[in-house]
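Just so it is clear, the values below take in all heavy atoms, side chains as well, and ignore hydrogens, waters and symmetry mates. We number each residue from 1, following the sequence as shown. First listed ligand is number 1; within each ligand, the first listed atom is number 1.
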Amino acid sequence: MDLLKELDGRNVSELGGELHRFAADLYPICRSITGNGIRQTLKMIQNRIPLQIFEVPTGTPVFDWRVPKEWNIRDAYIKAPDGKRVVDFQQCNLHVMNYSTPVHATLPLNEIRPHLSTIPEQPDWIPYRTSYYKEDWGFCLSHNQMLQLDDGDYEVCIDSTLEEGHLTYGECYFAGRSSDEVLISCHACHPSLANDNLSGLAVSTFLARHLSGRDLRYSYRFLFIPGTIGAITWLAQNRKAVGNIRHGLVLSGIGDVGGFHYKKSRRGNAEIDRAVACVLRDCGESSEILDFSPYGYDERQYCSPGFNLPVGCLMRSVWGTFPEYHTSADNLDFIQPASLAGSLHACLGIVDVLENNRRYVNQNPYCEPQLGKRNLYRATGGDSIGTEINARLWVLSLSDGDHSLLDIAERSKIPFFTISEAARLLCDASLLSPLT
Ligand code: ZN
């Protein structure tokens, strides 16, 4: 398929730059699981792809949960006795514990301390903290910032609202030739954190844009949702659509310089698990395949036993394993244009496998067909001569109706793209027929 060829033709650094610029545009917004931050983010995605935005009212029951109150924030600060803002939301939105209830009071420092979070081991970084399901308020600041606070009375102000409203999420759907679907899901609920949420948003948006308007085998559904509660809400409200999902991927933390990590679906042997492993094997970057665990991102919900969907999670560095995770150091320098472009490339490779993986039948199974007289015993250019011809021999050998192209790519250790190209040429030469 031309998906990958087209991308290969583009200057990777130019594409990476575009992805990074989009993440940079989204970076300053104070997102949360509800409220105007995620709305504004979805509108910016909507400028690039046909995104439908849904609003689900507070209190709506969704399985064992309820859609929470909507949170919005305008300003927040801690003012020192001399009137100077020593902690200022306008400088960095991580300074406020996400979902903080409103507060405006003047308090002695020792009464404020229980509401302050720092990271002593990384004294210059601001932690990211949330309190979604327990009403509370708090500030986050660098440890060095806290050490500079002298005793005295401080004015604390969080100008936020936590009221009846809506949970907002975005969905982009492209109908393919089949109603069978591929689900791509990413969370959009973190404030100024680059790898953890913006990398996934940027890559998903560009992947959707790249697939838009194409003649595709599968239908594609992209979800841009608040983590956990968004996936639960979507699943609760889309029980019918869930039945169409054949393959799925959660994209998260795919902009840093680390190698790829793919966490398998709960099923562990789904086609998506094998497709991702095959693409990562040949992507030219380091990669590791991880077994499923019931913790992590929204694959937790998609893979819950009642659904058990074939949905895995593609990451670079695994959440929680690098010091920048959930801190102000997960910033725009932590994600790299080349990593973002490499991740988009890997995603397109995965889509390419899903779109083209099928079974064929060798039409000339009694001894090898004479490839030379069909001009198939010489490479058509490009790759190493050996691999291209080898791929044709593998496809002819294993195309007995039982083996898919993915089976052949796995067994031959030849990239899927080369195997699928070989199948196309052999079909053109009437040596191979797709199994219907
Ligand atoms: Zn996170």
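- Put simply, the side chain of Thr327 gets close to the backbone of Glu324: a donor and an acceptor are under 3.5 Å apart.
- Of the N and O atoms on the side chains of Ser317 and Asp256, at least one donor lies less than 3.5 Å from an acceptor on the other residue.
- For the pair Ser412 (side chain) and Trp394 (backbone), a donor-acceptor distance under 3.5 Å is absent.
- Listed by chain and residue number, the protein N/O/S atoms under 2.8 Å of the Zn ion (ligand 1) are His190 NE2, Asp196 OD2, His326 NE2, with waters left out.
- Listed by first and then second residue, the salt bridge (Lys or Arg N to Asp or Glu O under 4.0 Å) pairs that reach into residues 235-252 are Asp180-Arg246, sequence neighbours excluded.
- Judged as a ring pair (Phe, Tyr, Trp, His ring centres under 6.0 Å), and not counting sequence neighbours, Phe206 has no contacts.
- The ring pair (Phe, Tyr, Trp, His ring centres under 6.0 Å) contacts involving residues 244-276 comprise Tyr218-His247, where partners must be two or more places apart or lie in separate chains.
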